[in-house]
Amino acid sequence: MTTWTNWVGNQSFSPSSISAPRDEEEVAALVKQAADRGVGVRVAGAGHSFTPVVQTDGLLLDLSALTGVVHTDAVRKRATALPATRIRDFYEPLWEAGLALRNQGDIDTQQIAGAVATGTHGSGTRYTSLSGVVRGMRLVTATGEVRDIGEGDLDLLHAAQVSVGMLGVVTRLDLEVTDAYRLREQVGLRSWDDVMEHWDELVAQHRHFGFFWLPTEESGALYNLDGHGERLADQCYVKVYDEVGPDVPDDDTVGRRVDRCHRIFPMVYDPNFHELEYFVALERAPEALQAMRELMLASLPDSIYPLEVRTVGADDAFLSSQYRTDTVVISVSGTPGTDYWGYLRSVDALLAQFDARVHWGKLHFLTPERLHELYPRADEFIALRRELDPQGMFLNDHLRPLFA
Ligand SMILES: Cc1cc2nc3c(=O)[nH]c(=O)nc-3n(C[C@H](O)[C@H](O)[C@H](O)COP(=O)(O)OP(=O)(O)OC[C@H]3O[C@@H](n4cnc5c(N)ncnc54)[C@H](O)[C@@H]3O)c2cc1C
């Protein structure tokens, strides 16, 4: 029996079988056979979610053969890719076409279909998550039928943009991209009060603004953040990226690099943490952040991991954490193998007071009641899911209580 384990090692399970189809036709045949036998199906992406979103005791699909950017259109600003294309595999084909992803997150090893399925995002209110730039998708549904979803069927597209694999197997994605751009980074330590005082201008004036608040001196090393000898405890490690024109030369000086966008965005993480990430409406950000800092200081030593703070622009996806709302993103972590659930539950209780939505790929405590309160289109998502998959073959034990 084969066991599947995610990247960080906190989720593992044994599916009844694993198949690695070579193309969409094989995907459709496998889904059809599973449906005929009443077997559940889930797809494994790159395994970078912390939640049991891949788990199945049925058929697990490994789509790693379905990879590559298959089309770019510099006029319409579009790129079409197969589902297992890693974020980093977009860089060269897009750059050669004079294009780039509009925005991206802290790492680039996720598969595009996996990243889109959970609403993976970077930072900056001018840009949406990767799901928000999906303009079309091809899906193998529960009958084994191949269905093209596009802007002609906006409700279905908005349901499919963030679906956590519940509508079927994604075999192709059409993304809105942008002209290739270069970025200048500005990285430095600032005090909490300084960042809070300049919050509005930092959010409004930069393409990307985010920071890690470091509760203790040891916090930086946990995420490979180098303070270059400066005191770290209770400091904010601030990262700002802005676009520069062709007149600005490349620079490889750490902390103020200038380079192609895709060389500036990615960070390097060790698999030494489990993360919870919640999203609060941007206008409530300062109040929520202040409350989080107070909670973390009171909860030491459990909360020595940095508090990561970013922003993301609104979109229309039914299960998006940014559904029609610009948000601040608040992430906290704990050490694998230690009992820090009490701390995460207090973060959940605190941010619930701010009507926080969740990241589907990161630890959360969402209940069906909160789902319906916080996601105004959840009912419509569930209705479309039932229509496409009446037997619930794409649900699993983690998703069934919320979406059956
Ligand atoms: C170190 C680290 C850094 C991270 N940084 C960020 C960040 O900056 N921003 C952010 O938002 N998130 C971040 N994440 C979370 C991560 O981006 C998401 O969890 C993402 O979903 C992982 O993509 P994956 O390819 O690993 O997908 P998986 O975790 O393998 O799968 C995610 C979901 O997608 C489904 N799926 C995958 N492929 C398909 C398909 N073809 N058809 C249907 N369903 C499919 C899976 O079944 C599952 O439900 C980070 C995670 C880690 C571990």
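Counting starts at 1 for both ligands and their atoms, following the listed order.
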**Heavy-atom donor-acceptor pair, D389 side chain to M393 backbone, under 3.5 Å** = yes

Can you find a non-hydrogen atom of [X] under 4.0 Å from ligand 1?
X    : value
Q104 : no
R86  : no
V169 : yes
W360 : no

Can you tell me how far [atom2] of [Y] sits from [atom1] of [X], rounded to the nearest 0.5 angstrom?
X    : Y    : atom1 : atom2 : value
L167 : M137 : CG    : CE    : 8.0 Å
L297 : S303 : CG    : OG    : 7.5 Å
F90  : H262 : CZ    : NE2   : 13.0 Å
S219 : M296 : OG    : CE    : 7.5 Å

Determine whether the side chain, the backbone, both or neither of [X] has a heavy atom under 4.0 Å from any heavy atom of ligand 1.
X    : value
H359 : side chain
T118 : side chain
H274 : neither
W7   : side chain
Q111 : both
N6   : neither

For [atom], grab the closest protein heavy atom and report residue, atom and distance to one decimal in Å.
atom                    : result
atom 19 (O) of ligand 1 : S49 OG, 2.8 Å
atom 5 (N) of ligand 1  : I107 CG1, 3.8 Å
atom 34 (O) of ligand 1 : A117 CB, 3.2 Å
atom 44 (N) of ligand 1 : G165 CA, 3.5 Å
atom 48 (C) of ligand 1 : V53 O, 3.6 Å
atom 24 (P) of ligand 1 : A46 N, 3.4 Å
atom 26 (O) of ligand 1 : H48 N, 2.7 Å
atom 14 (N) of ligand 1 : K362 CE, 3.5 Å

**CD/E25: more than 12 non-hydrogen atoms of other groups inside 6.0 Å** = no

**Request:** Could you check F279, Y278, F50, F403 and say which one makes a ring-ring contact (aromatic ring centres under 6.0 Å, His included) with W360?
**Result:** F403

Could you tell me whether [X] and ligand 1 have an N or O pair separated by under 3.5 Å?
X    : answer
V54  : no
P83  : no
Y269 : no
R42  : yes
V170 : yes

**Nearest non-hydrogen partners of N103 and T128, listed with the distance** =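 Scanning both residues completely, I find the closest heavy atoms to be CB-O, 4.4 Å.
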
**Asked** Should the pair R357 and Y375 be classed as cation-pi, given the thresholds of under 6.0 Å to the six-membered ring centre and 45° from the axis?
**Response**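 Judged by the rule, R357 and Y375 form a cation-pi pair.
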
Centroid separation [X] to [Y] less than 6.0 Å:
X    : Y    : answer
Y223 : Y269 : yes
F209 : Y241 : no
H208 : H121 : no

Should one rank [options] by closest heavy-atom distance to [atom], which comes out on top?
atom                    : options          : answer
atom 43 (C) of ligand 1 : A113, G168, G210 : G168
atom 37 (C) of ligand 1 : G114, S321, S129 : G114
atom 46 (C) of ligand 1 : V43, L82, D270   : V43

**Fill in**
Near L63 (heavy-atom distance under 4.0 Å), the atoms of ligand 1 are 41 (N)

**Request:** Using a strict cut-off of less than 4.0 Å between a Lys/Arg side-chain nitrogen and an Asp/Glu carboxylate oxygen, indicate whether R370 and D355 qualify as a salt bridge.
**Result:** no

**Prompt:** Is any side-chain N of the basic residue among R138 and E24 closer than 4.0 Å to the acidic one's carboxylate O?
**Reply:**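 Here R138 pairs with E24 in a salt bridge, since their nearest N and O are under 4.0 Å apart.
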
**Item:** Positive for salt bridge (charged side-chain N to carboxylate O under 4.0 Å, His left out) with R182, one of D242, D259, D250, D251
**Value:** D250

